[in-house]
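Note that the structure is predicted; figures quoted are calculated from it, not measured. Hydrogens, waters and symmetry mates play no part in the numbers below; they use all other heavy atoms, side chains included. Chain letters run A, B, ... following the sequence lines, proteins first and then strands; every chain starts at 1.
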2 protein chains.
Amino acid sequence: MNDVQKAESNSVERHAGKPPADKTAARRADLRERLAAAGRAAIAEGGLQNVKARDLAAAAGCAVGAIYNVFEDLDELILRIGADTLARLEQGLAAPHDVAPEPAEELLRLARGYLAFARANKALWRALFEHRLAGGRAAPAWYLDDQSRLFALVEAPLARLLPDEPAPSRALLARTLFSAVHGVVSLGLEEKLAPMSEATLDAELERLLRAFAGGLTTADGVTLSSS
Amino acid sequence: MNDVQKAESNSVERHAGKPPADKTAARRADLRERLAAAGRAAIAEGGLQNVKARDLAAAAGCAVGAIYNVFEDLDELILRIGADTLARLEQGLAAPHDVAPEPAEELLRLARGYLAFARANKALWRALFEHRLAGGRAAPAWYLDDQSRLFALVEAPLARLLPDEPAPSRALLARTLFSAVHGVVSLGLEEKLAPMSEATLDAELERLLRAFAGGLTTADGVTLSSS
DNA sequence: GACAAAAATGAACGACGTTCAAAAAGCAGA
DNA sequence: TCTGCTTTTTGAACGTCGTTCATTTTTGTC
């Protein structure tokens, strides 16, 4: 990032007349994209463990050292791929805004979309959650923003389902519902567990949402004690 | 420490009845346990990535090569540690069988126990789900058995909550409920997401269970279409 | 104590992420 | 176009990793 910023500021400072030196900036951007594409392919083929510096360089047609000209390290590349994956997921979940279905139906549609995306992009999707930054560093802010947009997708129909719920509580509930769906999808596709048929997983996901939405819209704490 | 342990195990086995060749078997078992303990410590300290053959050997007081005398590879060691973690989790969730609470309360107790275990053993617990076997091999059967015992813990109260539910459907529901709770705990403790306070996560987990159990025990599909 | 069989050892191997001295390319003034 | 300086790109080299295997050490039996 630091290098990128330097290159950009150089090109900006150079007189606007012609673009002499931001050709290199464009090349760097190209290389970033080619490396990210190679990384995506590597993850899709063999998971996070399949991302190797030398393979990426070969696929992108550059020297191994060139990776470190455009990325801080492989972690940053993987984070960038993760952001792309999140963006594609968000796009895949985008509501067809010409009709406004029942909020509970919309929640089910989102859950099914999430499952469908995870199925269709299993390795890339899993990489989102398997990846740990070296040394326990915190994820950058732009990455957290990308994630929170997903929760926002859930929040909208939730607001229509529970109009009397305070907004902060609704935001938490959106994350909780997202998490619950994620759990079912995650363990449902986990091959370290006994495998489930596709239809069974579909049905179980629907059962979760039915019960959850049903439990939310009826009286609270039906048979549960408070503490 | 390593010399002491070795000496002790030798002296214990010395002239015990007539076990000629299973002294070595005992030493192998000892080494397995010492290596597993070292691996547990390594994971607890720095996650799965912190498990290094040379460090394990140093901690267990053996040569690097000795690891491969008692384990196929590090994957098998990690699987063994995972089985231990599952066993400790199962033990931590064991019901206090002197009282028989409401089934919904029991489910909440299990969910809270799961969250408590995950909090208290974050790295080890996460290792259960992060770990992938090299080359996409399938987990051994004994490992799957250990997992299915967890689902069984959920199934018992579920059977009392939904006595009319067919048994196969109940088994699936147990896994689904477990998965949903796992999702909330998993993303709730995920530091790549915006962090949640402990109390908030506790409350959200309870909200999930209240809504889910409530939705299960009231009429099905309250506001959800079937599609 | 001597000897064959078994087990333990740790140097060595190939592959990995990352670095950095050196080479190549870019760019302005002649 | 050529010259000189700067920036970018390069890939051999470094340290570390999991794993192997020829060698050494220990074990069990006579």
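Between A:N50 atom CG and C:dC16 atom C1' the separation is 13 Å, expressed in whole Å. Atom CG in A:L56 sits roughly 15 Å away from atom P in D:dT10 (whole-Å rounding). Between B:D30 atom CG and C:dA8 atom P there is a gap of 11 Å when expressed in whole angstrom units.
Residues B:L77 and B:I81 form a side-chain contact, since some pair of their non-hydrogen atoms from C-beta on lies under 4.5 Å apart.
Enclosure of atom CD in B:E191 by more than 12 non-hydrogen atoms of other residues, nucleotides or ligands within 6.0 angstrom is indicated.
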Across nucleotides 12-26 of chain D, 5' to 3', mark each nucleotide with B, S or - according to how protein heavy atoms within less than 4.0 Å reach it. BB---BBBB------

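In this structure, the salt bridge (Lys or Arg N to Asp or Glu O under 4.0 Å) partners of B:E33, at least two apart in sequence or on a different chain, are B:R40, B:R80.
Only one option out of A:L172, A:L208, A:L107, A:L110 pairs with A:L177 in a side chain to side chain contact (heavy atoms under 4.5 Å, CB included); it is A:L107.
The NZ atom of B:K192 lies 7.0 Å from the CG atom of A:L128; values are rounded to the nearest 0.5 Å.
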